[in-house]
Amino acid sequence: MQFNLTTAELFVPDGLSGEQALARTTHLCLAAHQDDIEIMAANPILTCFQQKDLWFTGVVVTDGRGSPRDDLYKDYSDEDMRVVRFVEQKKAAFVGEYAAQVLLDYPSKMIKDGSNKQAIEDLVKILKATRPQFVYTHNLADKHDTHVGVALKVIAAIRQLPKDEQPQKLYGCEVWRDLDWMTDTDKVPFDCSAHESLQMALVGVFDSQIAGGKRYDLATMGRRKAHATYFASHGTDATTGLSFGMDLTPLIVDPAKDPGVYVQEVIQRFEKEVADRVGKLR
Ligand SMILES: [Zn+2]
């Protein structure tokens with residue numbers, strides 16, 4: 001498969017041809033950076049793990065050149081970091097038994113540019129080659145520009161597909177902001193109870209980021225445990241790990257719906273819930 005950048009890569013852990021590997025995909029995650037997939041999409045990775053008919057494919061849109069670095073990586077050039085992060089992402093794809101892993105290699109500034117359509121063209125190609133039932137990307141209330149840039153390009157790409165080629169569901173997931181604040185009726189809970197050691201391995205292979213001074217491994221597992229316990233105030237915990245998603249499917253069902261307006265409506269429902277409770281108890 002040819003992408004816009006000749007440096008883009010398609011990695012297939014079990015060695016199947018690229019075309020066959022992508023075609024078996026049922027769950028597709030489109031993320032900004034190396035490690036975002038493993039932070040935000042553990043549930044679909046676990047759902048597909050060791051299943052004959054369910055396959056997870058990961059796509060990382062950016063190049064990893066601007067990553068923070070410390071410890072044994074502190075003197076690495078931007079190009080060295082790119083190589084390290086590509087290798088780490090492939091390690092995760094191997095550990096998680098992904099159908100395929102695509103690395104599109106775009107500089108972040110191209111993704112933060114709303115007028116740049118190159119990545120959208122690649123995403124359309126990937127969506128056509130994979131025909132997934134379920135698509136996962138960043139949520140629209142994330143606080144990282146590149147993450148929201150990817151989410152908007154994913155929405156734009158899906159909107160270009162004929163209706164019968166669109167996924168059943170599109171979810172925005174948690175990295176740089178939890179979705180714990182959303183009203184419970186807006187939250188899509190993703191059970192992350194199974195295979196805890198595999199989840200830890202998936203976030204643990206990104207040594208260049210963790211050694212860079214950020215314990216994403218511990219923070220990610222901690223967030224899943226916190227969500228599991230704090231989701232419901234009554235009764236015992238139904239899960240031992242939980243992630244939350246923002247349902248973005250209405251944005252593909254109605255292509256005229258503005259993503260900015262859509263996320264504002266989610267925030268307004270949160271605002272009303274808080275105001276109503278304080279008003280009721282005052
Ligand atoms: Zn990221």
Side-chain angles (χ1 to χ4, degrees), residues 5 8-9 28-45 56-70 73 76 78 81-93 96 98 101-114 116 119-120 122-123 126 135-155 157 170-180 190 192 199 202-224 243-246 248 259 263:
L5 300 184
E9 292 186 26
L28 177 69
C29 180
L30 306 152
H33 306 106
Q34 296 80 4
D35 77 1
D36 286 334
I37 291 171
E38 292 68 28
I39 292 170
M40 71 180 179
N43 172 277
I45 296 170
F56 178 87
T57 288
V59 177
V60 174
V61 175
T62 69
D63 57 16
R65 280 187 178 82
S67 311
R69 61 209 70 174
D70 199 358
Y73 309 94
Y76 278 37
D78 281 357
M81 282 308 286
R82 173 192 172 274
V83 171
V84 164
R85 299 208 66 185
F86 270 47
V87 169
E88 287 174 344
Q89 188 59 56
K90 291 175 194 172
K91 284 184 196 173
Y98 301 175
Q101 174 66 55
V102 181
L103 293 140
L104 290 176
D105 205 30
Y106 283 100
S108 294
K109 66 174 187 302
M110 289 176 73
I111 302 307
K112 289 189 272 193
D113 177 359
N116 191 307
I120 298 175
D122 283 339
L123 296 177
I126 293 165
V135 175
Y136 305 80
T137 188
H138 298 282
N139 81 76
L140 292 170
D142 194 287
K143 63 180 175 182
H144 195 307
D145 284 358
T146 315
H147 289 192
V148 177
V150 166
L152 291 171
K153 290 187 193 306
V154 169
I155 293 164
L170 173 64
Y171 299 114
C173 305
E174 301 169 299
V175 181
W176 282 107
R177 181 166 281 149
D178 291 18
L179 293 173
D180 167 73
F190 294 119
C192 300
Q199 295 182 48
L202 285 165
V203 285
V205 298
F206 295 92
D207 185 66
S208 71
Q209 299 310 289
I210 294 165
K214 301 283 275 179
R215 292 307 304 265
Y216 292 114
D217 53 342
L218 300 180
T220 300
M221 296 307 291
R223 170 153 69 190
R224 287 174 195 159
S243 288
F244 295 129
M246 179 184 284
L248 303 178
V263 70

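Numbering of ligands and ligand atoms starts at 1, following listing order. Computed from a predicted structure; not experimentally measured.
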Test side chain to side chain contact (heavy atoms under 4.5 Å, CB included) applied to D145 - qualifying residues, sequence neighbours left out:
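Residues passing side chain to side chain contact (heavy atoms under 4.5 Å, CB included) with D145: K112.
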Does the side chain of E38 pick up a donor-acceptor pair with the side chain of Q89 at under 3.5 Å?
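Indeed, the side chains of E38 and Q89 share at least one donor-acceptor pair under 3.5 Å.
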Sphere of radius 2.8 Å around the Zn ion (ligand 1) - protein N, O or S atoms inside
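Metal shell, protein only: H33 ND1, D36 OD1, D36 OD2, H147 NE2.
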Check this for me, if you would: do [X] and [Y] make a salt bridge, where the nitrogen-to-carboxylate-oxygen distance has to be below 4.0 angstrom?
X: R223; Y: D180; value: no
X: K91; Y: D207; value: no
X: D35; Y: R85; value: yes

Donor-acceptor contact present, side-chain T62 to main-chain Y106, <3.5 Å:
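Absent.
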